[in-house]
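Since we're looking at a predicted model, the values are computed, not measured. Values below: every heavy atom of this structure, side chains too, minus hydrogens, waters and symmetry copies. In what follows, chains carry the letters A, B, and so on, assigned in the order in which the sequence lines appear, proteins first and then strands, with residues in each chain numbered from 1.
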Protein chains: 2
Amino acid sequence: MLGIFLDRIPALEERWEEYRELFTEISVPAKTTLLKAGEIPTKIFFVRQGALRISFDSKGKDVTLQFFFENEMVASFDSFMNRRESPIAIKAIEPSTLTILGKNGFEILLRDFPEMKDILFEIVSRRFAHYSRLLLSYLRNNPRERYLELLEENPEVVRRVPQQYIASFLGITPVSLSRIRNKIRS
Amino acid sequence: MLGIFLDRIPALEERWEEYRELFTEISVPAKTTLLKAGEIPTKIFFVRQGALRISFDSKGKDVTLQFFFENEMVASFDSFMNRRESPIAIKAIEPSTLTILGKNGFEILLRDFPEMKDILFEIVSRRFAHYSRLLLSYLRNNPRERYLELLEENPEVVRRVPQQYIASFLGITPVSLSRIRNKIRS
DNA sequence: CTGATTTCTTAACAATTGTTAAGAGCATTT
DNA sequence: AAATGCTCTTAACAATTGTTAAGAAATCAG
């Protein structure tokens with residue numbers, strides 16, 4: 001069906017035809033901004049093909065927080081749930097095909113399938129654990145070690161994502177990342 | 001009653017006498033380890049008096065992730081919920097008085113007061129937002145700026161916590177923090 | 001109060017990262 | 001294919017941080 005967390009709701013699977021229309025599919029070119037920082041999010045994105053990133057614009061710097069690839073869900077979740085201005089932006093790295101679930105559709109699903117709440121809790125918990133690990137990695141490792149860690153744990157990121165974004169994800173400059181890579185080679 | 005999130009459950013407040021025995025109070029000296037890394041957590045702590053920190057031991061370094069003071073709840077939450085080994089440790093910074101809720105008691109409350117689930121979701125969400133902000137701070141600011149940010153947003157930490165722990169929380173060495181403080185003074 | 005322990009500061013030097021700038025390498029567009 | 005724009009690399013220098021060590025300051029235990 002969707003290849004995402006919603007597949008875990010059998011009742012939805014059964015009545016899929018009724019709910020199909022809540023989802024829209026779009027294709028966007030690279031560098032498209034899907035959510036601007038400061039906007040109130042109205043959509044949840046599911047990556048069908050391509051790559052997205054969430055970022056934070058601060059003092060002219062574009063800081064990347066996380067990368068998303070096929071079959072992952074992307075949203076400025078807290079802001080989406082509480083109708084607040086999102087501090088983060090969502091942008092396409094590659095030309096991407098996305099499935100969109102709007103705020104309305106989301107609420108309909110939440111009303112009709114209460115199991116969704118548990119799944120959401122799990123998603124938030126898992127994302128929380130992920131952020132904790134990242135935070136920890138920043139505290140205990142230097143940039144070189146963080147890059148090696150990324151290379152080991154998430155080689156797809158290193159393979160598919162332009163280095164400037166990886167650098168901002170690691171908290172260093174592109175120049176410094178280039179130097180680190182150079183040293184690792186030799 | 002407890003001065004924490006459980007106060008938001010009126011039904012519990014009413015029947016408090018029945019549930020009081022689920023909670024225990026203990027006093028511990030500074031530097032007590034309340035939860036070792038690698039253990040499966042069985043308790044949630046509420047700080048009545050004193051200060052705790054959660055930390056991660058890695059390569060001999062003791063890395064601090066967060067500080068907790070009066071009326072805050074402390075737990076290795078994900079591990080507690082899923083009965084997994086906790087990657088983090090919980091330690092006392094000051095001599096502290098704590099209220100303890102065991103896994104049993106927690107489950108009894110969860111069974112008798114389903115509202116707790118929503119509150120838990122909120123807590124996890126809020127902690128998630130907090131970690132996101134921290135992560136962001138690491139990505140966009142250098143150690144000096146992070147220290148100034150901490151000084152502004154959380155002066156209590158700077159006032160009450162020994163510098164070595166603040167340094168490890170900022171991801172730098174105590175020597176470097178001392179230098180930064182020296183420069184700020186002048 | 002005193003001695004012992006722990007924590008904090010300072011210094012010197014090494015290593016790393018930031019900054020700026022120039023050029024090479026790629027990719028996209030026309 | 002040529003031109004344009006974007007990305008990555010390299011270099012030089014400045015600034016920051018890590019490391020080690022020694023001593024000062026603060027805290028704790030008896």
Side-chain angles (χ1 to χ4, degrees), chain A residues 27-33 50-51 53 55 58-64 67 91-96 137-151 157-186, chain B residues 27-33 50-51 53 55 58-64 67 91-96 137-151 157-186:
Chain A
S27 288
V28 298
K31 297 195 185 176
T32 305
T33 296
R53 66 191 179 97
S55 68
S58 108
K59 311 178 200 164
K61 275 187 212 164
D62 178 86
V63 175
T64 298
F67 303 103
K91 296 177 183 173
I93 295 174
E94 306 173 356
S96 304
S137 170
Y138 285 100
L139 292 174
R140 57 201 279 228
N141 299 133
N142 60 31
R144 183 176 179 278
E145 292 165 329
R146 288 206 297 279
Y147 178 70
L148 289 172
E149 195 177 75
L150 183 68
L151 203 57
V157 168
V158 179
R159 210 170 47 238
R160 288 176 68 172
V161 174
Q163 263 174 231
Q164 53 178 325
Y165 303 133
I166 296 179
S168 89
F169 173 76
L170 294 172
I172 57 179
T173 60
V175 176
S176 194
L177 176 56
S178 180
R179 264 190 305 231
I180 288 169
R181 280 164 52 89
N182 189 339
K183 279 190 190 171
I184 289 172
R185 262 202 303 279
S186 51
Chain B
S27 287
V28 298
K31 296 194 187 178
T32 306
T33 297
R53 68 193 178 97
S55 67
S58 109
K59 311 176 200 167
K61 274 188 213 163
D62 178 87
V63 175
T64 298
F67 302 104
K91 296 177 182 174
I93 296 174
E94 306 173 356
S96 304
S137 170
Y138 284 100
L139 291 173
R140 56 202 279 227
N141 299 133
N142 60 32
R144 183 175 179 279
E145 293 165 329
R146 289 205 295 279
Y147 178 71
L148 289 172
E149 195 177 77
L150 182 69
L151 202 59
V157 168
V158 180
R159 210 169 48 237
R160 288 176 68 171
V161 174
Q163 264 174 232
Q164 53 179 328
Y165 303 133
I166 296 178
S168 89
F169 173 76
L170 293 173
I172 57 179
T173 61
V175 176
S176 193
L177 176 57
S178 180
R179 266 189 304 231
I180 288 170
R181 281 165 50 88
N182 190 340
K183 278 189 190 171
I184 289 171
R185 261 201 306 278
S186 50

- prompt: Tell me, which of residues 174-181 of chain B have any heavy atom that sits under 4.0 Å from an atom in DNA chain D?
  reply: V175(B), S176(B), R179(B)

- prompt: How would you give the extent of chain B contacts on DNA chain D, as first and last nucleotide 5' to 3' within a 4.0 Å heavy-atom cut-off?
  reply: dT16(D) to dT20(D)

query: Would you say the side-chain atoms of T64(B) and S55(B) include a donor-acceptor pair closer than 3.5 Å?
result: no

- prompt: Have E149(B) and S137(B) got a donor and an acceptor in their side chains that come within less than 3.5 Å?
  reply: yes

So [Y] and [X], do their side chains get closer than 4.5 Å, heavy atoms only?
X: P162(B); Y: I93(B); result: yes
X: N142(A); Y: R146(A); result: no
X: R160(B); Y: E94(B); result: yes
X: L139(B); Y: S168(A); result: no
X: L170(A); Y: I180(A); result: no

Report, one pair per line, the protein and nucleotides 4-7 of chain C atoms (nitrogen or oxygen only) whose separation is under 3.5 Å.
{"unit_1": "dT7(C)", "atom_1": "OP1", "unit_2": "K31(B)", "atom_2": "NZ", "d": "3.2"}
{"unit_1": "dT7(C)", "atom_1": "OP1", "unit_2": "Q164(B)", "atom_2": "NE2", "d": "2.9"}
{"unit_1": "dT7(C)", "atom_1": "O5'", "unit_2": "Q164(B)", "atom_2": "NE2", "d": "3.4"}

- prompt: Tell me, for nucleotides 24-30 of chain C in 5' to 3' order, what letter each nucleotide earns: B for a base near a protein heavy atom under 4.0 Å, S for only sugar-phosphate near one, - for neither?
  reply: -------

- prompt: Who pairs with Y165(A) by ring-ring contact (aromatic ring centres under 6.0 Å, His included), at least two apart in sequence or on another chain?
  reply: none

- prompt: Can you list the residues that meet the ring-ring contact (aromatic ring centres under 6.0 Å, His included) rule with F67(B), with sequence neighbours excluded?
  reply: F169(B)

message: Taking P29(B)'s backbone N and O only, do any of them form a donor-acceptor pair with T32(B)'s side chain (distance below 3.5 Å, no angle check)?
response: yes

message: Could you walk me through whether Y147(B) and I172(B) satisfy the side chain to side chain contact (heavy atoms under 4.5 Å, CB included) test, starting with their C-alpha distance in whole Å, then the side-chain angles of each, then the deciding distance to 0.1 Å, before giving a yes or no?
response: CA-CA 10 Å; Y147(B) 178 71; I172(B) 57 179; over 6 Å; no

query: Between D62(B) and R140(A), is there a salt bridge with N-O shorter than 4.0 Å?
result: no

